[in-house]
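This report concerns only the one structure given below.
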Amino acid sequence: MSLVAVVGDGCTTTALGLAATWQRDESCFVAEFDPAGGCLSAWLDLPRSPGLAEAVAGSSNPSWPDLQRTIQASPRGIDVIVAPTRPVEAAAVVHAAEKAVLPVLAAVTSPVVIVDGGRLRGGLSNVVGRCSVAVIAHRQHAGSAAAAALGLERVADLASLMTARSIPTVVALVGQRPYSVDEASDFVGADAVVAVADDPWAAAVFAGRAGSRARLRRSALMQSLTELSGVVAALLHRDLAEIPALPDEMLVEGRS
């Protein structure tokens with residue numbers, strides 16, 4: 001399996017950044033599985049179809065070649081399967097895709113599939129249950145130590161659920177205030193915690209704002225995402241035992 005699940009705060013930016021900085025000798029693409037609605041068609045100036053909706057509608061048992069026909073190449077050089085933008089449609093499509101499409105993506109060994117799984121509330125999603133590596137994107141509440149501590153407690157709860165299922169887990173920690181990476185690492189218990197720069201300009205460029213590509217490549221956000229992608233790739237390719245899918249009673253729908 002070569003499926004990387006990205007969930008949590010800013011998961012779309014993080015998933016896109018992972019794809020943008022993934023090692024050059026290995027192909028990858030991003031698949032949107034956010035039931036709150038997809039953003040990538042707007043961010044990357046792509047048509048809303050084909051995408052995940054067509055993958056679900058085309059067959060109840062799609063093959064990998066079927067899914068390849070729904071992958072779009074963006075002008076930025078990142079390949080994606082886009083989700084519907086409206087929440088009601090997205091929720092229905094993602095629910096269907098978890099049964100029909102996700103098992104096919106999880107079985108693919110190449111390219112690497114980076115899945116934007118949206119936010120989690122109260123447990124693990126089907127996307128996390130199928131992944132080889134999970135990335136929890138978390139933005140600290142810089143203005144309140146109490147709120148920041150509560151946020152890290154929730155991340156620690158998710159990380160412990162993933163650890164119980166032997167899912168390698170990386171926390172992408174946006175901002176280093178009020179808690180440093182070392183302090184967060186001691187608390188959350190993930191395989192790794194990587195600092196991701198709080199860089200509003202670069203994040204806005206990822207979300208479709210006009211900006212210099214050269215400046216974006218030199219930005220603090222891109223540099224930190226390059227480090228994150230290296231850590232995720234190292235976990236993905238180490239010699240891991242096969243990770244079984246989660247039983248239904250342990251799964252919850254992801255929500256934003």
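Throughout, numbering of the chain's residues begins at 1 and tracks the sequence.
Gln223 contributes a side-chain N or O that, together with a main-chain N or O of Arg218, makes up a donor-acceptor pair within less than 3.5 Å. A distance-only check finds a donor-acceptor pair linking the side chain of Asp9 to the backbone of Arg139 [under 3.5 Å]. Side chain of Asn61 to main chain of Ser63: no donor-acceptor pair is present (N/O by atom type, distance under 3.5 Å, no hydrogens or angles).
Scanning both residues, Ala55 and Leu67, for their nearest heavy atoms gives CB-CD2, 3.7 Å.
Glu54 contributes atom CD, which lies 12.0 Å from atom CZ of Arg48 (distance to the nearest 0.5 angstrom). Between atom CD of residue Gln176 and atom CD of residue Gln140 there is a gap of 8.0 Å, rounded to the nearest 0.5 Å. With rounding to the nearest 0.5 Å, the separation of CG in Leu235 from OG1 in Thr169 is 8.5 Å. With values rounded to the nearest 0.5 angstrom, Leu120 atom CG is found 13.0 Å from Arg154 atom CZ. Here the CD1 atom belonging to Ile81 is positioned 3.5 Å from the OG1 atom belonging to Thr70, to the nearest 0.5 angstrom. The line from CD of Glu227 to OG1 of Thr21 is 10.5 Å long, rounded to the nearest 0.5 Å.
Using a 4.5 Å cut-off on side-chain heavy atoms (C-beta onward), Val113 and Phe29 make contact. Side-chain contact check for Trp43 versus Thr13: some heavy-atom pair is nearer than 4.5 Å. The side-chain heavy atoms of Pro75 and Leu46, taken from C-beta on, include a pair separated by under 4.5 Å. In this structure the side chain of Val193 never reaches within 4.5 angstrom of the side chain of Tyr179, judged on heavy atoms. For the pair Pro84 and Arg86, the minimum side-chain heavy-atom distance is 4.5 Å or more. Between Pro62 and Val101, some side-chain heavy-atom pair lies under the 4.5 Å cut-off. Looking at heavy atoms from C-beta onward, Pro35 lies out of side-chain contact with His95 at the 4.5 angstrom threshold. Using a 4.5 Å heavy-atom threshold, the side chains of Ser110 and Ser27 count as touching.
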Steps toward side-chain contact (heavy atoms from CB on, under 4.5 Å) verdict (Leu228, Thr14) = CA-CA 9 Å; Leu228 176 65; Thr14 305; 3.8 Å; yes
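Under the 4.5 Å side-chain heavy-atom criterion for Ile, Leu, Val, Met, Phe, Trp and Tyr, Leu173 and Leu150 are members of distinct hydrophobic clusters. Cluster membership check: Trp64 shares its hydrophobic cluster with Leu3, using side-chain heavy-atom separations under 4.5 Å among Ile, Leu, Val, Met, Phe, Trp and Tyr.
Residue Asp157 qualifies as enclosed at atom CG: its count of foreign heavy atoms under 6.0 Å is above 12.
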